[in-house]
Amino acid sequence: MTHSIHPQTRRGRGPARRIGRSLALVLPVVLVLSGTLAVASVNWSGTPQSPVLTAADTSAAGASSRAAARAPQDVLRDKLLMELQKKDPGAALTQLQQAVNDRPSLAGHCASIARSLGKAAVRVYGPTKAQSYARPVCDTSFASGVVAAND
């Protein structure tokens, strides 16, 4: 009885099997080495020796960097809320319109800022007086903020 030596009839001799065997031998070695290197690179002494910030450092240093990392619309919102308390909602709305005219990238946030101003105006001035400051800045978002704060 003779066996055929043709590659079509013999199974398991193709390139996929060779690659699979190679991976079966190499992969465990790679995993062990990478795990060993990961464990070896950890500072187990408890004293920081690298410039990497620890969790305690981030809370102290983070306060000053948070202001710089805030989005422009959040900075503008806070500035306008302060203006609303110092002067009146009309001054804050005028500054909002000027800011959107100067920086068109803020236009997408104009409605939410105006709504926030409307809600704050109700807290400071009451619903009737707050509504008297409404104007068509960012559509009618200030007025909708007044109404939302009234609900």
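When a residue number appears, it is its place in the shown sequence, counting from 1.
In this structure a side-chain-to-backbone donor-acceptor pair under 3.5 Å is present from R135 to G90.
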Check against side-chain contact (heavy atoms from CB on, under 4.5 Å), R77 and D74 = CA-CA 5 Å; R77 178 180 289 117; D74 296 333; 3.2 Å; yes
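Between P89 and A121 the shortest heavy-atom distance is CG-CB, 3.8 Å. When all heavy atoms are compared, the tightest approach of A143 to Q131 is CB-NE2, 3.8 Å. Smallest separation of non-hydrogen atoms from A134 and F142: CA-CD2, 3.6 Å.
To the nearest 0.5 Å, atoms CZ (R123) and CD (Q85) are separated by 8.5 Å. Residue E83 holds its CD atom at 11.5 Å from CG of L96, rounded to the nearest 0.5 Å. The distance from atom CD of Q95 to atom CG of L93, rounded to the nearest 0.5 Å, is 10.0 Å.
Under a hydrophobic-cluster definition in which Ile, Leu, Val, Met, Phe, Trp and Tyr are linked whenever side-chain heavy atoms come within less than 4.5 Å, directly or via other members, Y133 and M82 are assigned to different clusters. No continuous path of ILVMFWY side-chain contacts below 4.5 Å connects L84 to V147, so the two sit in separate hydrophobic clusters. Under the 4.5 Å side-chain heavy-atom criterion for Ile, Leu, Val, Met, Phe, Trp and Tyr, L81 and V124 are members of the same hydrophobic cluster.
Pairs of residues two or more places apart, or lying in two chains, never qualify as ring-ring contact (aromatic ring centres under 6.0 Å, His included) while including a residue from residues 76-112.
Residue V146 is tested with L117, V122, T128 for a side-chain contact (heavy atoms from CB on, under 4.5 Å); the sole match is V122.
Residues S116 and K119 fail the side-chain proximity criterion, which asks for heavy atoms closer than 4.5 Å. Looking only at side-chain heavy atoms (C-beta outward), P72 and L106 come within less than 4.5 Å of each other. Looking at heavy atoms from C-beta onward, L25 lies out of side-chain contact with V29 at the 4.5 angstrom threshold.
A donor-acceptor contact under 3.5 angstrom links the side chains of Q97 and N101, judged on distance only.
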